[in-house]
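First comes the structure, then the notes that go with it.
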Amino acid sequence: MSNSVQQLPTTGFLRLNQIIGGCKTNPITAPLIPVSRSTWYAGVKSGKFPAPVKAFGGRASFYRTKDIQKLIDLIGSSADILETDGHE
């Protein structure tokens, strides 16, 4: 991972692998929020993380960039939001 912080666009949408990272993507995507997929979905279910916006008949999930930026800002001020509660 490079020393520079990834800049998010001010508008638009992200896929989950752009948020939590993706080792199956080419090139490998570094995580913005370093949690596992199961921890992410548990956080969405509990309300800790933003809910996705469904597209293409509910088959594809996207996350609003502004919601992810707000979460990153919140994490920066309170790291305990990433605690897993045993869902890992």
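What you are looking at is a predicted structure, and each value in this text was computed from that prediction instead of being measured.
Here CD1 of Ile28 is found 12.0 Å from CG of Asn17. Values are rounded to the nearest 0.5 Å. If you take CD on Gln18 and OG1 on Thr29, they are separated by 7.0 Å, rounding to the nearest 0.5 Å. Rounded to the nearest 0.5 angstrom, Gln69 CD and Leu74 CG are separated by 11.5 Å. Taken from OG in Ser38 to CD1 in Ile20, the straight-line distance is 8.5 Å, to the nearest 0.5 Å. Here the straight-line distance linking atom CG of Leu14 with atom OG1 of Thr65 works out to 4.0 Å at 0.5 Å rounding. The distance from the NZ atom of Lys70 to the CD1 atom of Ile75 is 13.5 Å, given to the nearest 0.5 Å.
A cation-pi arrangement is present between Arg15 and Phe62 under the rule of less than 6.0 angstrom and at most 45 degrees off the ring axis.
Under the 4.5 Å side-chain heavy-atom criterion for ILVMFWY residues, a single connected hydrophobic cluster contains both Ile72 and Val44.
Side chains of Ser61 and Lys54: a donor on one and an acceptor on the other come within 3.5 Å.
Between Val53 and Tyr63 there is no side-chain heavy-atom pair separated by less than 4.5 Å.
With sequence neighbours excluded, no residue satisfies salt bridge (Lys or Arg N to Asp or Glu O under 4.0 Å) with Arg37.
Under the 30°/60° scheme for interplanar angles, the aromatic rings of Phe49 and Trp40 are found to lie parallel.
Ile68 and Pro50 make their closest contact through CD1-CG, 3.8 Å (heavy atoms, listed as atom of the first residue, atom of the second, distance).
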